[in-house]
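Index from 1, following the sequence.
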Amino acid sequence: MTIGLFYSTMGGATKQVAESIRMIFGGESVVLHDIDRVSADKLSEYNQLIFGAPTMGDGELSDEWDDWIDEIEPSNVKGKTVALFGLGDQEVYPDTFVDAIGIIYGKLIEYGANVVGDWSTDGYEYDSSAAEREGRFVGLVIDEDNQPEKTESRIREWVASILGEFDSSVHKEASSG
């Protein structure tokens with residue numbers, strides 16, 4: 001079984017993180033989809049999903065995510081295992097750091113998805129984030145602007161932490177890859 005990884009990207013950083021996640025999982029077990037080029041109906045083809053989003057401006061979704069999230073039918077995510085990753089800038093936007101994945105998380109929970117892959121807030125300096133729940137982020141958080149040297153190790157650690165949440169066939173491929 002494969003995982004559908006759906007992302008949007010502005011400057012290319014979210015796509016690079018998506019590609020890194022795919023490679024760490026083992027390549028063939030994750031299929032990448034730029035949401036600017038695919039309908040939300042594509043979600044129905046997967047039981048396991050990863051969503052990636054940059055946070056724009058003062059805590060908004062990108063235009064692509066803003067439109068795409070409204071296309072998601074509850075039946076396309078209900079009961080499915082979903083992990084999130086988000087990119088943000090904790091220095092320029094400390095009051096809305098990675099808010100985009102918090103917005104997406106809210107919609108997924110409303111629709112009955114099983115969201116996995118929360119992430120520690122340790123090592124980040126920000127004032128507020130819609131992506132924080134009970135002292136943890138709702139998904140992997142990457143700050144390519146201020147902490148690019150931590151990106152690869154954070155991705156590896158996060159993927160290792162969510163492997164058990166995904167189908168065992170994906171786990172086997174990622175463990176051997």
Between [X] and [Y], what is the shortest heavy-atom contact and its length?
X	Y	answer
A18	Y7	CB-CD2, 4.0 Å
N47	K80	O-CB, 3.4 Å
A53	W65	CB-NE1, 3.3 Å
I162	F166	O-CD1, 3.3 Å
L49	L43	CD2-CD2, 3.8 Å

Working note: L108 + L84, criterion side chain to side chain contact (heavy atoms under 4.5 Å, CB included); need CA distance, chi angles, decisive distance, verdict. CA-CA 10 Å; L108 292 171; L84 303 170; 3.7 Å; yes
Within this structure, what is the [atom1]-[atom2] distance for the pair [X] and [Y], rounded to the nearest 0.5 Å?
X	Y	atom1	atom2	answer
E165	T81	CD	OG1	7.0 Å
L61	I101	CG	CD1	11.0 Å
Q16	T151	CD	OG1	9.5 Å
F6	I50	CZ	CD1	10.5 Å
L87	M10	CG	CE	12.5 Å
E144	T14	CD	OG1	9.0 Å

We want to know whether S8 and S62 form a side-chain donor-acceptor pair, criterion being a heavy-atom distance below 3.5 angstrom. yes
Just by distance, no angles: are the side chains of Y124 and W119 close enough, under 3.5 Å, to form a donor-acceptor pair? yes
Determine whether W158 and I21 satisfy the following criterion, side chain to side chain contact (heavy atoms under 4.5 Å, CB included), listing intermediate values before the conclusion. CA-CA 9 Å; W158 181 72; I21 290 169; 3.7 Å; yes
Report whether V115 and I69 are members of the same hydrophobic cluster (ILVMFWY, side-chain heavy atoms less than 4.5 Å apart, transitive linking). yes
Are M56 and V138 linked, directly or through other ILVMFWY residues, by side chains that come within less than 4.5 angstrom of each other? no
Of I72, I109, N114, which meets side chain to side chain contact (heavy atoms under 4.5 Å, CB included) against V77? I72
So F137 and F97, would you call those rings parallel, tilted or perpendicular, with 30° and 60° as cut-offs? perpendicular
R22/E19 under salt bridge (charged side-chain N to carboxylate O under 4.0 Å, His left out): CA gap, chis, key distance, verdict: CA-CA 5 Å; R22 179 179 179 270; E19 289 171 346; over 6 Å; no
Do the non-hydrogen side-chain atoms of [X] and [Y] ever get within less than 4.5 Å of each other?
X	Y	result
V17	F85	yes
E60	T55	no
V98	Y126	no

Let me know which of T121, D118, D122 forms a side chain to side chain donor-acceptor pair (under 3.5 Å) with R136. D118
Do E157 and R154 meet the salt-bridge criterion of a basic N to acidic O distance under 4.0 Å? no
Around atom CD of E125, are there more than 12 heavy atoms of other residues, nucleotides or ligands at under 6.0 Å? no
Measure centre to centre between the rings of F51 and H33, then say whether the value is under 6.0 Å. no
Which pairs count as side chain to side chain donor-acceptor pair (under 3.5 Å) when at least one residue sits in residues 86-105, sequence neighbours excluded? D89-N146, Q90-D143, Q90-Q147
Who passes side-chain hydrogen bond (donor to acceptor under 3.5 Å, both in side chains) against R156, sequence neighbours left out? E152
Going through the checks in order, is the side chain to side chain contact (heavy atoms under 4.5 Å, CB included) test met by I104 and K107? CA-CA 5 Å; I104 295 167; K107 184 67 82 171; 5.8 Å; no
